[in-house]
Each structure stands twice: as C-alpha cells, then as structure tokens.
Amino acid sequence: MTVAETWINETLYPDWGQRFLVTRELARVKSDFQDVVVFESSSHGRVLVLDGVIQITERDEFVYQEMLTHVPMLTHPCAKRVLIIGAGDGGVLRRVLQHGTVEKAVMVEIDGVVIELSKQHLPNIAGDAWNDPRAEVIVGDGIDYVAKAADGSFDVIIVDSTDPIGVGEVLFTDEFYSNCARILSDEGLIVNQCGVPFMQADELHETSLRRANFFPHVTAYVAAVPTYVGGFMTLGMASKGQSPNTQTLEQIRARAEAADILGTTRYWTPEIHVGSFNLPPYIAEHLPTSAK
C-alpha cells in the first residue's frame, strides 16, 4: 500500500502558480488575521504560507531577507534606529541586528501567531535575534504604531508585508506613507516589497506614485527570489536624503565594512547592491517619470 502524496498549491494567482510536495505538515492555524501553515518540503526545507501564499522557505529566504535589509541599511549613511513592520518570521530583525551601527530595532507584527509558529518551527531564520537587547518586538498594529511615533524617531523603516490585499492592504495608503515620512529622520528612508512586476505591475506603479507625494526620491531595486514566481521581485524605496540609486560602489563597500557585513552574506554584495537599481525597462516603466 502506497501513502498518498500531499501537495500544497500556492493560490496567489488564479491561473498560474507553483506547488510543493509536503513531507510533513508542522502547523495549520487560523489566526485572527489569516490562515497560517508551516510545512516541511524535500526541496526547500521548511515553508511558511499565509492565506495560501508562500512567504518564506528555509532554502531561499536569504535572498529576500538580505536584499530587503542590507540595501536600505547601507543606503542610509549611518542607520541607528530601525522600525520593522511585519516580518514575523524574524529574518529581517536578525539581519538588521547584524549591523554594528544599530542601537535600537523595533519590530511591529500584527499577528502574534506568525511569530510564535516561526519561533517554534523556523528557528534558524531569526536565530538569536529575539533575545538581542537592542530589539523590541511588539505584537500590534503597525499603522497605529506609525501614527503615534514621534517625529524623526527612526532612520530606516522596513515594511515586510503580504501583498496589498487582506491584512496587508492598509500598509499601502497615503496616510501610512505620510506618517512614515514624518517619523523618519532627515536622511531617513523606507523600503517595502512591491511584488513581482511581471505579474503585479500595478503594485509597483501605485505604491511608487503614492510615496512620491511624501518623499523627494522614489525608486526601486530588484532581487531574484526563486519562490516568488514570475521573475524579479521589486523592492520599492523612498528617501528623504540622497537619491538611493546614486550611491557609489565605494560608498556601499565602506559602509558594509564599518557595519561588519562583508563576508556574512549569500546574495547581497556591494556590487549586487549598486547593480540592483539598474532596472530592466519593463520594470522601470512603472516608476514615476522623475524616479527613472
């Protein structure tokens, strides 16, 4: 008698997707906000799924986490105070805290179930970040936190949310970006994922237009994450200081040396950092004219 195979099919798109062979299901919980599944696969290690959409796999999480974190952290001349919204698996928090310049990292995740299941089943993604004295982890509403935070209280804001549907939708509004600009310091910048433009071009276009109302510099950069199907993932960046895509290789390498990041990464390098802002035309065409 053979045991029936169990597959999980991603449901991000109605007419295209990917599937994983499940070797063991570790958790399946309906939280107050979303359906959360953690399973083990033979191809990608352990996988976190929210509302049917693949969020993180152990095998390729380093690509997304390194690019979402190290690029803004090293684009800023000296990031000391960092706000993370979402990122309940702890991977962004871990990489923020790798930077020796960081004095305080506040992480606000709305769904405590994601944090607890990640601690239990995906411990390698966050490592020891949960216990770092510089970290403050809050289970709460990132919108509310940003609305109440003091002016100029952060240097970098990293938004690691789901797509702008369901629980993640409110993180893509004018009010949110207005408050983010207010609580960022003079050289402050914000980054958030803007989807895979081959399939989700509107996400990059609309988010960039919104942020252009509140930030003088709006741009995007790319990362090739295997499990975010459809080609390059775009990460949108908006800055109050220097334009992010004018950083030189020498600047980025010097900052990485000062932060003790060189040699610790598997995807990010100073060369990748600078090159990631050189967008293919099919992606660049979705940025505001002034940002291209």
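Below, each value reflects all heavy atoms present in this structure, side chains not excepted, and no hydrogens, waters or symmetry copies.
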- Message: Would you say that more than 12 heavy atoms from the other residues, nucleotides or ligands in this model lie under 6.0 Å from the CD of E175, or not?
- Response: no
- Message: In the structure I gave you, are the side-chain heavy atoms of D141 and V108 within less than 4.5 Å of one another anywhere?
- Response: no
- Query: What class does the angle between the rings of H70 and H99 fall in, given that below 30° is parallel, 30 to 60° is tilted and above 60° is perpendicular?
  - Reply: tilted
- May I ask you to decide if V36's main-chain N or O and K30's side chain share a donor-acceptor pair within less than 3.5 Å? no
- Item | Intermediate values then yes/no, side chain to side chain contact (heavy atoms under 4.5 Å, CB included), M199 and W16 | CA-CA 10 Å; M199 294 294 289; W16 187 45; 3.6 Å; yes
- Point-to-point distance, once rounded to the nearest 0.5 Å, from CD of Q55 to OG1 of T227: 10.0 Å
- Does one hydrophobic cluster hold both I84 and I125, with members joined at side-chain heavy-atom distances below 4.5 Å? yes
- Pair N245-Y221, side-chain donor/acceptor within less than 3.5 Å: no
- Query: In the single-linkage hydrophobic clustering (I, L, V, M, F, W, Y; side-chain heavy atoms under 4.5 Å), do I157 and I138 co-cluster?
  - Reply: yes
- So do the side chains of V274 and I252 get within less than 4.5 Å of each other, counting heavy atoms only? yes
- Message: Run M237 and V71 through side chain to side chain contact (heavy atoms under 4.5 Å, CB included) and show every step you take.
- Response: CA-CA 10 Å; M237 185 180 288; V71 174; 3.8 Å; yes
- Message: Is it true that, when you exclude K80 itself, more than 12 heavy atoms of the residues, nucleotides or ligands shown sit nearer than 6.0 Å to its NZ?
- Response: no
- Item | Interatomic distance, T264 atom OG1 to R95 atom CZ [nearest 0.5 angstrom] | 8.5 Å
- Message: Side chains of R211 and N192 only: does a donor on one sit below 3.5 Å from an acceptor on the other?
- Response: yes
- Just do the side chain to side chain contact (heavy atoms under 4.5 Å, CB included) check on E58 and S41 with the steps written out, would you? CA-CA 10 Å; E58 284 185 317; S41 73; over 6 Å; no
- Query: Do the ring planes of F198 and Y282 sit parallel (below 30°), tilted (30 to 60°) or perpendicular (above 60°)?
  - Reply: perpendicular
- Got a sec: does the CG of D260 have more than 12 other heavy atoms crowding it under 6.0 Å? no
- Message: So does E203 get a backbone contact from the side chain of T207, meaning a donor-acceptor N/O pair under 3.5 Å?
- Response: yes
- To the nearest 0.5 angstrom, please state how far the CD atom of E40 sits from the CG atom of L26. 5.5 Å
- Any chance the side chains of R255 and Q247 put a donor and an acceptor closer than 3.5 Å? yes
- Item | D35, CG: over 12 other non-hydrogen atoms inside 6.0 angstrom | yes
- Query: Do side-chain atoms of E109 reach the backbone of G88 as a donor and acceptor pair under 3.5 angstrom?
  - Reply: yes
- What do you reckon, is CZ of R182 surrounded by more than 12 foreign heavy atoms closer than 6.0 Å? yes
- Query: Between S118 and L122, is there a donor-acceptor pair closer than 3.5 Å when you use the side chain of the first and the backbone of the second?
  - Reply: no
- Would you kindly say whether Q18 and N9 are connected by a side-chain donor-acceptor distance under 3.5 Å? no
- Message: Is it the case that atom CG in D186 sees more than 12 heavy atoms from other parts of the structure closer than 6.0 Å?
- Response: no
- Query: Between F20 and H44, is a side chain to side chain contact (heavy atoms under 4.5 Å, CB included) present by the stated rule, with each step listed?
  - Reply: CA-CA 9 Å; F20 287 85; H44 288 67; 3.5 Å; yes
- Mind telling me whether H273 and F277 have parallel, tilted or perpendicular rings, with 30° and 60° as the class edges? tilted
- Query: Without hydrogens or angle criteria, can the side chains of T57 and E61 be said to hold a donor-acceptor pair below 3.5 Å?
  - Reply: no
- Test item: S243 side-chain N/O and T246 main-chain N/O as donor-acceptor pair under 3.5 Å: no
- Message: M107 and side chain to side chain contact (heavy atoms under 4.5 Å, CB included): which single residue from I115, I85, V82 fits?
- Response: I115
- Message: Is there a continuous path of hydrophobic side-chain contacts, each under 4.5 Å between heavy atoms, that joins V229 to I8?
- Response: no
- Spacing of Y228 atom OH and T234 atom OG1 [to the nearest 0.5 Å]: 12.0 Å
- Query: Does a donor on one side chain and an acceptor on the other come within less than 3.5 Å for D111 and Q34?
  - Reply: yes
- Task: May I ask you to check if R266 and F62 form a cation-pi contact, with NZ or CZ under 6.0 angstrom from the six-membered ring centre and within 45° of the axis?
- Result: yes
- Task: Look at the rings of H286 and H205 and say which category their plane angle falls in: under 30° parallel, 30 to 60° tilted, over 60° perpendicular.
- Result: perpendicular
- Query: Linking I/L/V/M/F/W/Y whenever any side-chain heavy atoms sit under 4.5 Å apart, do V37 and F33 land together?
  - Reply: no
- Item | Verify same cluster id: V63, L93 (apolar side-chain graph, 4.5 Å) | yes
- Item | Minimum-distance pair of heavy atoms, taken over all atoms of G230 and V196 | O-CG1, 3.2 Å
- Between E10 and R19, does at least one N-O distance fall below 4.0 Å, as a salt bridge requires? no
